[in-house]
**Q** 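Let me begin by handing over the structure; questions about it come next.
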Protein chains: 2
Amino acid sequence: MATTTAQDVQDPARTRGSGTQTVYATIRQEILAMTLEPGSPLDEVKLSERFGMSRTPVREALLRLSADGLTTTLPNRNTIVAAIDFAALPAYFEALTLMYRVTTRGAAGRRSAGPARDIRTRQDEFARAVDAQDAYAMIEANREFHVAIAERAGNAYYTTFFSRLLDEGRRILRLYYSTFDDRLPRQYVEEHEDMIMAIEAGDVERADTLALAHAAQIVAQIQEYLARDATNARDIQNI
Amino acid sequence: MATTTAQDVQDPARTRGSGTQTVYATIRQEILAMTLEPGSPLDEVKLSERFGMSRTPVREALLRLSADGLTTTLPNRNTIVAAIDFAALPAYFEALTLMYRVTTRGAAGRRSAGPARDIRTRQDEFARAVDAQDAYAMIEANREFHVAIAERAGNAYYTTFFSRLLDEGRRILRLYYSTFDDRLPRQYVEEHEDMIMAIEAGDVERADTLALAHAAQIVAQIQEYLARDATNARDIQNI
DNA sequence: GATTTGAGAATAGTATACACTTTGTATTTT
DNA sequence: AAAATACAAAGTGTATACTATTCTCAAATC
């Protein structure tokens, strides 16, 4: 409910065609950042008032969000922010691990592509976020780091699917990163460094091993957090 | 241009909420079946006349199709059926092969799920289509066969991604299957049989080997077809 | 003759109005 | 008092009207 009364009203003469895009990008961001919690109602009229436009572009934005799986449309009722499906987490981890491996392998197989400049940039951003202990920036930079690897691998199908997975994970990570002690992010920085080295050396097998270990590391941490949290949640639930 | 003047007009009092769905499903089908060729313009007004409804539900259907990557929206111009990106084919084949393997492996790992009834059903449909030499039915049944395997594997992320890949491939297959001689589909039937046996036996490694061979088989055939076709196309192009 | 400019047509983007469904509540009935 | 029915409110689904953009084609200019 952070921005209930906030008015994101644009200058009334915004460029034609930007309406849907603006609403889509803004709400998507808010959902992924958990500003809008799962289950929150998204009322077309209220949103149109907030953004200072008619219902039509708002509706189209909600449609796109639904296609992304970020919202759930209840027919003839309203749209709500999609729930996080904790039951699907094992499947999620499996898919995430696979894509970590495939993309990192693929990137290493592209040795001829030269130095991994983009990946390097993202890694630096990640390291800065870790130094600043900015959990949100870490999540963003981590996502961009791995997407950059996927892009170097050069398979658009993988990049698209992987991006979706990483986005979906942002909401879970958002819960998780806040509980970090300082040790793990630094370890991730080092693991990222190793991955870059393997990629630039064109060492496919080592890249694969590192990706697998990295994924296992993250999965284990999240699972541990969730186990801890489940106990807390049970205690807190019935106040 | 097959259905230019066809009127898909529904009974004017169709159920509320079905409009977008109807248009989406119909056009999607027509795109995948190549009734609507890549590059064909999709005019909102013409479509609304054809389906006997206003532009709004048509627009929303086109939006969903764009989200699926089946259409391309040219801002302030019109929407066209997405082109088949032949340059992306190697990446496509790689992703397809990976998903064949992962889903078949996953299905075999679910031995406890009992007999693979759904998969069996799809296989029978595929065999019937082969007997009838009905290329279109073959493509459909083949897709459903592999989706059934993915569903048994039980990872919704894989199922979704794989379904998308198979759909995208339907348009290519549609070009390809028409040139089939009789031998290959029968071979696919046998390969499918072997996969079912491996899955029911819970033999993960054999399932993987079979999936890989099956994928390689299909990829090789399509590539051969495309190589042939490229020569033809060059000859035909400049009449 | 080629190129630029401008009017008009076509078509997408947006706003608004209306109708239908669902849901919750109050009133009636048993 | 419990259940059923009717009614009102909220909010979506669809239709339609309006506006801005882009393209086309022709006329004017260089």
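Worth knowing before you read on, the calculation uses all heavy atoms, side chains too, and leaves out hydrogens, waters and symmetry mates. Every chain is numbered from 1 and lettered A, B, ... according to where its sequence line falls, protein lines coming before strand lines.
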**Q** Whole Å only: how far is the CD atom of B:E60 from the P atom of C:dG13?
**A** 13 Å

**Q** Measure from CD1 on B:I80 to C1' on C:dT11 and round the result to the nearest Å.
**A** 15 Å

**Q** For A:T73 and for A:R16, find the nucleotide of DNA chain D with the closest heavy atom, then tell me which residue's nucleotide is more 5'.
**A** A:T73

**Q** Return the orientation label for the B:F126 and B:H192 ring planes: parallel under 30°, perpendicular over 60°, tilted otherwise.
**A** tilted

**Q** Confirm from the modelled atom types if A:R77 and D:dG13 form a donor-acceptor pair under 3.5 Å, side chain to base only.
**A** no

**Q** Please confirm whether the ring centroid of B:F162 lies under 6.0 Å from the ring centroid of B:Y100.
**A** yes

**Q** Tell me: CD of B:E44 to P of D:dT16, nearest whole Å?
**A** 15 Å

**Q** Figure out the CD/C1' separation between B:E49 and D:dT16, and round it to whole Å.
**A** 14 Å

**Q** For C:dT14, does OP1 or OP2 lie under 4.0 Å from any side-chain N or O of A:T20?
**A** yes

**Q** Starting from the 5' end of DNA chain C, give me the residue, B:L42 or A:T56, whose nearest nucleotide shows up first.
**A** B:L42

**Q** Quick one: A:L74 CG to D:dA10 C1', roughly how many Å, whole number?
**A** 14 Å

**Q** Think A:S54 has a side-chain N or O under 4.0 angstrom from the OP1 or OP2 of C:dA15?
**A** yes

**Q** Kindly point out which of D:dA17, C:dT11, D:dT14 is positioned nearest to the side chain of A:R59?
**A** D:dT14

**Q** What's the CD-C1' distance between A:Q21 and C:dT14, to the nearest Å?
**A** 16 Å

**Q** How many angstroms lie between CG in A:D167 and CD1 in A:I31, if you round to the nearest 0.5 Å?
**A** 11.0 Å

**Q** Under the ring-ring contact (aromatic ring centres under 6.0 Å, His included) rule, collect the residues that match up with B:F93, sequence neighbours excluded.
**A** none

**Q** Any N or O donor-acceptor pair linking the side chain of A:R55 to the base of D:dG13 at under 3.5 Å?
**A** yes

**Q** Among D:dC18, C:dT16, C:dT11, find the nucleotide with the atom closest to the side chain of B:D43.
**A** C:dT11

**Q** For A:D68, give me all partners under side-chain hydrogen bond (donor to acceptor under 3.5 Å, both in side chains), at least two apart in sequence or on another chain.
**A** A:Y24

**Q** Nearest-Å distance, CZ (B:F51) to P (D:dA15)?
**A** 13 Å

**Q** Name the nucleic acid region contacted by B:S18, choosing base, sugar-phosphate or nothing; use a 4.0 angstrom heavy-atom cut-off, strictly under.
**A** sugar-phosphate

**Q** Please tell me which of the listed nucleotides, C:dT11, C:dT22, D:dT21, lies nearest to the side chain of A:N76?
**A** C:dT22

**Q** Among D:dA20, C:dT11, D:dT16, which nucleotide sits nearest the side chain of B:N78?
**A** C:dT11

**Q** CG of A:L63 versus P of C:dG13: gap in Å, rounded?
**A** 14 Å

